[in-house]
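Here is the structure we will look at, set down as structure tokens.
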Amino acid sequence: MGKSYDERVEDMVFSICESLVKTRPEDPLLHMRRFVASFTGRDPAREKGGRGEASRVAEYLVDIRPCISAITAQLLEYRPTDMRGFILEYLDDKMALMQTNDLL
């Protein structure tokens, strides 16, 4: 039997977070967009960090938590069949809004 919708959301969000933590990009929205666009559904290789890595990861995730939480909540509320497309649209809208705010 295949994974439930909630399990697939969990896998997607976990993979996004893991990718962000691994690379810690300056522009997390653009990174998430690229990651989701190329996401194949496979779990990335798990790596263990060195000493102090857990606290650096936690600090980084605090900064991006609102965006990850919003994506997760919307996926669970709207339950789109095309998760990737839904996330890409969300990220495009968020980046456009940020760009508009920068122009003001």
Side-chain angles (χ1 to χ4, degrees):
M1 189 166 116
K3 291 183 176 185
S4 72
Y5 183 82
D6 290 358
E7 290 170 325
R8 289 185 295 131
V9 167
E10 184 179 308
D11 287 348
M12 174 69 85
V13 171
F14 179 81
S15 296
I16 291 169
C17 289
E18 194 167 57
S19 175
L20 285 165
V21 166
K22 191 178 196 179
T23 60
R24 293 188 199 133
E26 284 188 39
D27 186 348
L29 293 177
L30 182 59
H31 176 83
M32 283 191 279
R33 191 188 190 301
R34 288 179 179 155
F35 178 81
V36 171
S38 64
F39 186 71
T40 60
R42 292 177 293 155
D43 287 335
R46 308 277 190 255
E47 294 181 11
K48 294 193 177 205
R51 265 192 190 169
E53 185 66 10
S55 63
R56 287 190 292 275
V57 165
E59 288 173 17
Y60 181 77
L61 286 176
V62 164
D63 292 337
I64 61 168
R65 182 182 168 278
C67 184
I68 297 295
S69 294
I71 290 170
T72 305
Q74 289 189 18
L75 285 172
L76 293 174
E77 181 179 347
Y78 297 111
R79 304 181 87 71
T81 54
D82 180 10
M83 260 192 261
R84 284 178 53 190
F86 187 84
I87 294 171
L88 291 173
E89 184 178 333
Y90 173 84
L91 292 170
D92 287 342
D93 291 346
K94 180 97 171 153
M95 287 188 293
L97 181 61
M98 289 179 71
Q99 189 174 33
T100 301
N101 287 341
D102 286 345
L103 296 174
L104 296 177

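- Note: His31 and Phe35 have parallel aromatic rings, judged against thresholds of 30 and 60 degrees for the angle between ring planes.
- In this structure, Leu29 and Cys67 have side chains that are in contact, with non-hydrogen atoms separated by less than 4.5 Å.
- When the options Met83, Arg8, Glu10 are evaluated for a side chain to side chain contact (heavy atoms under 4.5 Å, CB included) with Leu75, the one that passes is Met83.
- Between Ala37 and Leu88, the shortest heavy-atom contact is N-CD2, 3.9 Å.
- Placement of Tyr78 and Met12 within a single hydrophobic cluster is found when ILVMFWY residues are connected by side-chain heavy-atom separations under 4.5 Å, directly or transitively.
- Within the model, atoms CG of Leu30 and NZ of Lys94 stand 14.5 Å from one another, a figure rounded to the nearest 0.5 Å.
- Note that the CD1 atom of Ile16 and the CD1 atom of Ile87 stand 4.5 Å from one another [nearest 0.5 Å].
- For Glu7, the CD atom is densely surrounded, since the number of other residues' heavy atoms within 6.0 Å is greater than 12.
- Under the 4.5 Å side-chain heavy-atom criterion for grouping Ile, Leu, Val, Met, Phe, Trp and Tyr, Ile71 is not connected to Leu97 through any hydrophobic cluster.
- Within 6.0 Å of the CZ atom in Arg65, the count of heavy atoms belonging to other residues, nucleotides or ligands does not exceed 12.
- With hydrogens and angles disregarded, a donor-acceptor distance shorter than 3.5 Å links the side chain of Thr72 to the backbone of Ile68.
- Side-chain contact check for Asp6 versus Arg79: some heavy-atom pair is nearer than 4.5 Å.
- Here the CZ atom belonging to Arg34 is positioned 12.0 Å from the CG atom belonging to Leu91, to the nearest 0.5 angstrom.
- Note that CD1 of Ile64 is 6.0 Å distant from CE of Met32, once rounded to the nearest 0.5 Å.
- With hydrogens and angles ignored, the 3.5 Å screen pairs a side-chain donor or acceptor of Arg84 with a backbone N or O of Val36.
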